[in-house]
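These notes concern the structure reproduced below.
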Amino acid sequence: MSLQLAAHDGPRLCIDLGALEHNWQVVRGVCPGSRVGAVVKNDAYGLGVSNVVPQLWQWGCRDFWVATVDEALAVRACLPADARAAGLRILVLNGLAGLTAEDFAAHGLTPVLAGPHELAALTGYAARHDKRFPVALHLDTGLTRLGFGTAELAQLQSGSRLWDDAQVQLWVTHLGRFHDPEALQCQRQRERFVQWTAQLPRAERSVATSSSVFAGPGWHFEQVRVGSALFGVPIGAHAAELLQPVASLRAPVLRVADVSEGTEVGYAGSYVTGGPRRIATVAMGYGHGLPFSLVNCGHLILAGRPAPIVGGVAMGMVGLDVSGYAPGEIQPGMWAEVYGRQQPLQTLAAAAGVAANVVLALSAALAPHRRQCGAAETMEAA
Ligand SMILES: *Cc1c(COP(=O)(O)O)cnc(C)c1O
């Protein structure tokens, strides 16, 4: 028997589906001539595939990008049984990763082949199944992570035996400076991609992600694949003002204490009060994804205003200096916004010296309570 609580006392993640739809339409609007695929790897960046994938499907998204087959099956499981007939494609970015073409075909999944070492697994597919196996292929234009490099392109040319067994649907490449498409290195990667694909069998091409999709039509090709921007996390200098935050996280105040000058706050005296202070203890720590580097820096939002973090981040708690609030204004049981509409995720991440996606992936995945809620509710958080 499990115990049921009417209320929760741990960090709560709210997922604003109105903001998700807004961001989806923003991305659609900047590349009207291209298909928009949703990148939902890592359980939709921590938000939960089941929270976002059915909605994206309803708004017309047909291409879903994940890293692994496990993630692909989770996407498949929350879509209608006839989704494939309605155009569903699930693209697996890690490639075959040791599995067989039949493993993918059994579930209607499309691997993004990671290099020539994966071609042997396709040999004889057409003879075995009387049809060709649909694949996407990664081209390594400069990131040196996955894909076929320049010396390996010959194996992909039109006359190759490969195409007896495989049918290419998409050519894919990924930018080394994904946050800065204007960088010279990105321009070079783009040129290589265009040159290479001009010599290869025709298929959709996909380069743009959350930053480059906003960098002009030269990046769009036939398909863009976007994760962060859909979830309201701006990447690089692009589009911050166009996107709305989808995730908001809050955690409860456990205690408020008035302390005198010279009091140590947190482990090992990482903060010592320079005068009388009021300290609130909030139930949010590194074990919930709050960056460990937030020692005496950064803020959480309490009663609509930023309260500075004092001391270090413990596994499940962090201290805030609330001396600036009226006496009694901050009470145990109030909720602090860690990030959301009042404090953008990227503001907290910048204070910690990490990328916003690092904070999102950890804190969202670790939040003991994740649910969909509207913008009004996320505002009421603090
Ligand atoms: C994660 C990832 C994406 C999505 O990037 P965003 O910046 O979050 O849009 C796209 N392509 C590849 C290969 C990725 O690994």
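In this text, all values refer to a predicted model and were calculated from it rather than measured experimentally. Order of appearance sets the numbers: ligands from 1, and atoms from 1 within every ligand.
- A distance-only check finds a donor-acceptor pair linking the side chain of Thr273 to the backbone of Thr263 [under 3.5 Å].
- Ion pairing between a basic and an acidic side chain is recognised when a charged N comes within 4.0 Å of a carboxylate O; Asp43 and Arg370 show such pairing.
- Remark: Glu204 engages Arg89, Gln223 in a side-chain hydrogen bond (donor to acceptor under 3.5 Å, both in side chains) (not counting sequence neighbours).
- For Arg277, the side-chain hydrogen bond (donor to acceptor under 3.5 Å, both in side chains) criterion is met by Asp321, not counting sequence neighbours.
- Partners of His129 according to the side-chain hydrogen bond (donor to acceptor under 3.5 Å, both in side chains) rule, which considers only residues two or more places apart in sequence or in another chain, are Glu102.
- Donor-acceptor pairing under 3.5 Å is lacking for the side chains of His220 and Arg35.
- Protein residues with a heavy atom under 4.0 Å from ligand 1 are Val39, Lys41, Tyr45, Leu93, Arg145, His174, Thr209, Ser210, Arg225, Val226, Gly227, Ser228.
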